[in-house]
Amino acid sequence: MPSLFASYLRVYEPLTAFDRDRQVFWRRYVREGRAIAPTDGPGRQRTAVIAALGAGWTRLPDLPDEAYVLEADDTLLVCPWNLRVRVAEAALSARDGVPSVLADAFVPPVLAGQAKAIVEDWRNGAKVLERGVPRVHEQIATWGVPLRWFVFVDAEERELIIRQGRRALRYRTEISKARRRAHRGVSVLRKSVGDAPITEAVEEGARWLEEFHPRSVVELDYGGLVDLLPDDALEADDSPKLVAAGLAGLSRGDADAATEAYEKLVARWRAVQLLERCN
């Protein structure tokens, strides 16, 4: 279930990326005014998941077929929630590396079995032959923004809204640009630090971006994190620029410049992560 103090990495795809039935569904969905704004989505997702699972956590029923919608250059783009699959994946992930007694207490075996079947059908079912490998359009990170996400965007793509009743910070870019930045970042990291966790993380992100339509739009949204940061911190935020500076330093062999940028980033986001422990 998504945390309200979370950030989001989303991909919006044009309708042509979906099969005919989905295109008809999403056109009707938009025409009927059912699309939900990203500011309202996390709360709606949490409510829908809690209501659907029930108190016993013994079933994984159908969940609302919802999406975020974006219009760019007269093109309608859709970011489906895929809630049922994401909840199933989260249930299985919650059991990883946990003693069986605790795992069964948090995610009962019956629910885990259903979750496994849903994920396997999603990735290997008959529909894959008809429609290609299915895609999860939204990634979520709680109490911070993964530093690797900043590789995909540029500081000039920032959209900042600070006004009474509405605060938001997001970056939007064409997926072709995000892919180029991702592959460039992987190349620099592989040459400078080798098969380090950060290299593998950026490479995984690059592979994820390759799953989508070439005319898609990538969005990095600070989501509920904006409520943890004062206006001046949001205005001064230059995280994508620091990531770019760090990669540039690594590329030219300037370890001091790369370290300086990295330490600034870590210090900034550690302060946000520590807020999770505040009472």
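Just so you know, these numbers use all the heavy atoms, side chains as well, and skip hydrogens, waters and symmetry mates. Everything numeric here is computed off the predicted structure, so don't read it as measured data. If you read the sequence from its start, that first residue is 1, and numbering goes on from there.
Separation of atoms CZ (Arg184) and OG (Ser251) is listed at 9.5 Å; rounding is to 0.5 Å. Note: Asp195 CG to Leu189 CG = 11.0 Å, rounded to the nearest 0.5 Å. How far OG of Ser216 is from CG of Leu77: 7.0 Å, rounded to the nearest 0.5 Å. Rounding to the nearest 0.5 Å gives a distance of 12.5 Å between OG1 of Thr259 and NZ of Lys264. One distance of note links CZ of Arg207 with CG of Leu209; it measures 11.0 Å at 0.5 Å rounding. One distance of note links CG of Leu169 with CD of Glu235; it measures 10.0 Å at 0.5 Å rounding.
A pairwise comparison of heavy atoms in Val151 and Ala182 identifies CG1-CA, 4.1 Å as the closest pair. When all heavy atoms of Pro240 and Ala155 are compared, the pair lying nearest together is CB-N, 3.9 Å. Pairing each heavy atom of Ile140 with each of Ala6, the nearest pair is CG2-CB, 3.9 Å. Shown here for Val218 and Ala178, the closest heavy-atom pair between the two residues is CG2-CB, 4.0 Å. Annotation for Asp21 and Asp19: closest pair N-OD1, 3.0 Å, computed over non-hydrogen atoms. Closest non-hydrogen pair, Thr75 versus Pro14, comes out as CG2-CB, 4.1 Å.
The main-chain N or O of His183 is never found under 3.5 Å from a side-chain atom of Ser187 such that the two would form a donor-acceptor pair. When atom types are taken as modelled, the side chain of Ser7 and the backbone of Gly223 share no donor-acceptor pair closer than 3.5 angstrom. A donor-acceptor contact shorter than 3.5 Å is absent between the side chain of Glu138 and the backbone of Trp81. Between the side chain of Arg158 and the main chain of Arg170, no donor-acceptor pair closer than 3.5 Å is present. One N or O on the side chain of Arg167 and one on the backbone of Leu229 form a donor-acceptor pair closer than 3.5 Å.
Listed by chain and residue number, Glu66 satisfy the side-chain hydrogen bond (donor to acceptor under 3.5 Å, both in side chains) test with Tyr29 (two or more places apart in sequence, or in another chain). Residues meeting the salt bridge (Lys or Arg N to Asp or Glu O under 4.0 Å) test with Arg181, sequence neighbours left out: Glu157.
One hydrophobic cluster, built from ILVMFWY side chains closer than 4.5 Å, cannot hold both Ile161 and Tyr68; they sit in different ones. Clustering ILVMFWY residues whenever any of their side-chain heavy atoms sit less than 4.5 angstrom apart, transitively, puts Ile162 in the very cluster that holds Val145. A single hydrophobic cluster is seen to contain both Val193 and Val186, as judged by linkage of ILVMFWY side chains at heavy-atom distances under 4.5 Å, directly or through other members. Note on Val266: it clusters hydrophobically with Val272, by side-chain heavy-atom contacts below 4.5 Å among ILVMFWY residues.
Around atom CD of Glu32, more than 12 heavy atoms belonging to other residues, nucleotides or ligands sit under 6.0 Å away. In Arg215, the CZ atom is not crowded: 12 or fewer heavy atoms of neighbouring residues, nucleotides or ligands sit closer than 6.0 Å. Environment of CD in Gln23: crowded, with over 12 heavy atoms of neighbouring residues, nucleotides or ligands closer than 6.0 Å. Arg270 CZ: 12 or fewer foreign heavy atoms inside a 6.0 Å radius. Enclosure of atom OH in Tyr262 is not indicated, since only 12 or fewer non-hydrogen atoms of other residues, nucleotides or ligands lie within 6.0 angstrom.
Neither side chain, Tyr8 nor Gln139, offers a donor N or O lying under 3.5 Å from an acceptor on the other. No side-chain donor-acceptor contact under 3.5 Å links Glu211 and His137.
Two residues are said to be in side-chain contact when any heavy atoms from C-beta on lie closer than 4.5 Å; Lys177 and Val153 fail this criterion. The closest side-chain heavy-atom distance from Leu9 to Trp208 is below 4.5 Å. Phe5 has its side chain out of reach of Thr142: every pair of non-hydrogen atoms, C-beta onward, lies at least 4.5 Å apart. For the pair Tyr222 and Ser239, the minimum side-chain heavy-atom distance is below 4.5 Å. The side-chain heavy atoms of Leu147 and Trp269, taken from C-beta on, include a pair separated by under 4.5 Å. Residues Val217 and Val11 form no side-chain contact, since every pair of their non-hydrogen atoms from C-beta on lies 4.5 Å or further apart.
Checked for salt-bridge contact, Asp221 and Arg10 meet the test: a charged N lies under 4.0 Å from a carboxylate O. Using a 4.0 Å cut-off between a side-chain N of Lys or Arg and a carboxylate O of Asp or Glu, Asp154 and Lys241 do not qualify as a salt bridge. Using a cut-off of 4.0 Å between Lys/Arg side-chain N and Asp/Glu carboxylate O, Glu204 and Arg148 are scored as not salt-bridged. Checked for salt-bridge contact, Arg268 and Asp237 meet the test: a charged N lies under 4.0 Å from a carboxylate O.
Aromatic ring centres of Tyr171 and Trp149 lie farther apart than the 6.0 Å criterion allows.
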Run the numbers on Phe18 and Val78 for side chain to side chain contact (heavy atoms under 4.5 Å, CB included), then give the verdict. CA-CA 10 Å; Phe18 302 90; Val78 178; 4.3 Å; yes
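Cation-pi geometry between Arg22 and Trp26 is satisfied (NZ or CZ under 6.0 Å from the ring centre, within 45° of the ring normal).
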